[in-house]
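Each remark here refers to the structure printed beneath this line.
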Amino acid sequence: MEMSPGHIEVHKTVNKEEHQTEIMGAFLPWYTFVAVILLVIHGDFCSLHFGYVLQYLLAQLCVLWLTFLGLCVDIIGGNEVKPHSRPFMAKIKGPKGDFCGGVLIKENWVLTAAHCKVKTGKVILGAHSFKEREKEQQTFRIAKFITYPCYDPSTKENDIMLLQTLPHNTCFPYLLQLQRRAKLNKAVRPISLPPSYNDPKPGTICTVTGWGTTDNNPHKFPTALMEVNITVIKREICNNKYHYNGKPVITENMICAGAKNGGKDSCNGDSGGPLICNDELRGITSFGKPKRCGKADSPGVYTRLTKRYLEWIMKTIGGA
């Protein structure tokens with residue numbers, strides 16, 4: 001995300017029939033507290049023959065409870081996805097270490113954000129880990145990049161770009177058409193373009209995915225692909241003085257989405273990744289306020305896949 005999320009607040013309603021314990025600002029039910037205490041004291045059992053088995057089981061129990069309660073979180077306020085369960089995700093790495101997300105929409109075409117400075121970089125498909133090489137990965141050089149006409153970095157309008165890829169070990173000129181398409185399998189598969197260009201209504205729950213930073217620290221990256229649910233916000237709200245205040249104006253070509261109280265967002269490095277609403281690709285991660293990821297006054301902004309953009313995409317990729 002060209003920046004633009006922060007602390008996470010977990011609240012639970014106190015049930016009269018259920019005692020709760022406050023740990024680091026989060027109200028946890030008594031059985032979770034018991035699991036944590038058992039995890040702390042389990043070392044006393046390790047002298048027994050079954051100690052190591054018990055240690056493992058107790059640790060797993062604690063992790064399961066914490067995950068269930070949403071405390072094992074990261075994209076900002078999200079969770080790690082099941083490995084290779086988002087086979088359309090592309091990691092785009094620039095020559096100077098810059099990187100963005102992207103979406104595989106055809107065997108040799110990736111959709112991303114126009115502001116991403118990765119035009120002479122490489123595209124990695126089939127990735128889950130942020131750093132580690134995996135047998136599922138396929139790497140390609142960028143053969144051609146096509147930015148939507150009239151992309152304006154000041155207004156953020158038309159922040160959308162198509163990449164065509166070459167096999168990573170080829171020496172062909174960049175403008176040659178791809179000689180080998182990606183090998184499709186469970187870890188690498190294009191996502192379908194939406195059948196319509198509907199504008200997601202305010203209140204719609206959408207999902208954003210990426211390898212971007214997990215808070216406003218520019219060096220804090222996740223170990224693997226992350227995902228978070230966010231809510232579409234009225235443009236009028238995003239344009240008011242408590243949010244973007246018209247700098248820039250959130251237009252009909254954009255989708256504004258986040259959480260009312262903050263804590264859920266995309267961030268640096270998530271740019272170009274998908275915004276999926278009701279199981280359909282509806283947008284591309286674009287921008288937010290600098291160093292304000294996850295803040296209530298700075299919901300993420302996404303390039304909406306309008307009729308104009310979808311027609312341009314289909315015309316560009318055609319039968320290529």
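Residues C238 and P299 form a side-chain contact, since some pair of their non-hydrogen atoms from C-beta on lies under 4.5 Å apart. Annotation: side chain of L193 is in contact with side chain of I105 (closest heavy-atom distance under 4.5 Å). Put simply, the side chain of R282 reaches to within 4.5 Å of the side chain of S196, judged on heavy atoms. Side-chain contact check for L225 versus E80: every heavy-atom pair is 4.5 Å or farther apart. Using a 4.5 Å heavy-atom cutoff, the side chains of M161 and F145 are in contact. P153 places none of its side-chain heavy atoms less than 4.5 Å from the side chain of H115. Between K96 and K117 the shortest side-chain heavy-atom distance does not fall below 4.5 Å. Side-chain contact between I160 and T147 is absent, with no heavy atoms from C-beta onward closer than 4.5 Å.
How far CG of N108 is from CD1 of I317: 8.5 Å, rounded to the nearest 0.5 Å. Remark: M89 CE to H84 NE2 distance equals 13.0 Å, nearest 0.5 Å. Of the inter-residue distances, the one linking N198 atom CG with E280 atom CD reads 7.5 Å to the nearest 0.5 angstrom. Interatomic distance, M226 CE to T209 OG1, rounded to the nearest 0.5 Å: 10.0 Å. Between Y309 atom OH and I284 atom CD1 the span is 11.5 Å, to the nearest 0.5 Å. A distance of 6.5 Å separates SG in C206 from CD1 in I255, rounded to the nearest 0.5 Å.
Linking Ile, Leu, Val, Met, Phe, Trp and Tyr whenever their side-chain heavy atoms come within less than 4.5 Å leaves V81 and I124 in two separate clusters. Hydrophobic clustering, with ILVMFWY side chains joined whenever heavy atoms are under 4.5 angstrom apart, keeps L275 apart from I237. Hydrophobic cluster membership differs between V228 and I233, with clusters built from Ile, Leu, Val, Met, Phe, Trp and Tyr side chains linked at under 4.5 angstrom. Following chains of ILVMFWY side-chain contacts shorter than 4.5 Å, one can reach M314 starting from L111, so the two form part of one hydrophobic cluster. Following chains of ILVMFWY side-chain contacts shorter than 4.5 Å, one cannot reach I205 starting from I276, and the two form parts of different hydrophobic clusters.
Under the side chain to side chain contact (heavy atoms under 4.5 Å, CB included) test applied with F88, the options L125, L281, I191 reduce to a single match, I191.
With F99 as the aromatic partner, K91 does not meet the cation-pi criteria of under 6.0 angstrom to the ring centre and within 45 degrees of the ring axis.
Distance alone, capped at 3.5 Å, is enough to place a donor-acceptor pair between the T303 side chain and the D159 backbone.
Aromatic ring orientation, F130 versus F221: parallel (interplanar angle below 30°, classes split at 30° and 60°).
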Between E157 and N253, does a side-chain hydrogen bond (donor to acceptor under 3.5 Å, both in side chains) hold up when you go through it step by step? CA-CA 7 Å; E157 280 277 19; N253 296 325; 3.0 Å; yes
Does the pair D270 and T285 meet the rule for a side-chain hydrogen bond (donor to acceptor under 3.5 Å, both in side chains), with working shown? CA-CA 7 Å; D270 290 322; T285 304; over 6 Å; no
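Salt bridge present: R235 and E252 bring a charged side-chain N and a carboxylate O closer than 4.0 Å. Using a 4.0 Å cut-off between a side-chain N of Lys or Arg and a carboxylate O of Asp or Glu, D265 and K289 do not qualify as a salt bridge. Comment: D215 engages K220 in a salt bridge, judged by a side-chain N to carboxylate O separation of less than 4.0 angstrom.
Taking each heavy atom of Y302 and V208 in turn, the nearest pair found is CE2-CG2, 3.8 Å.
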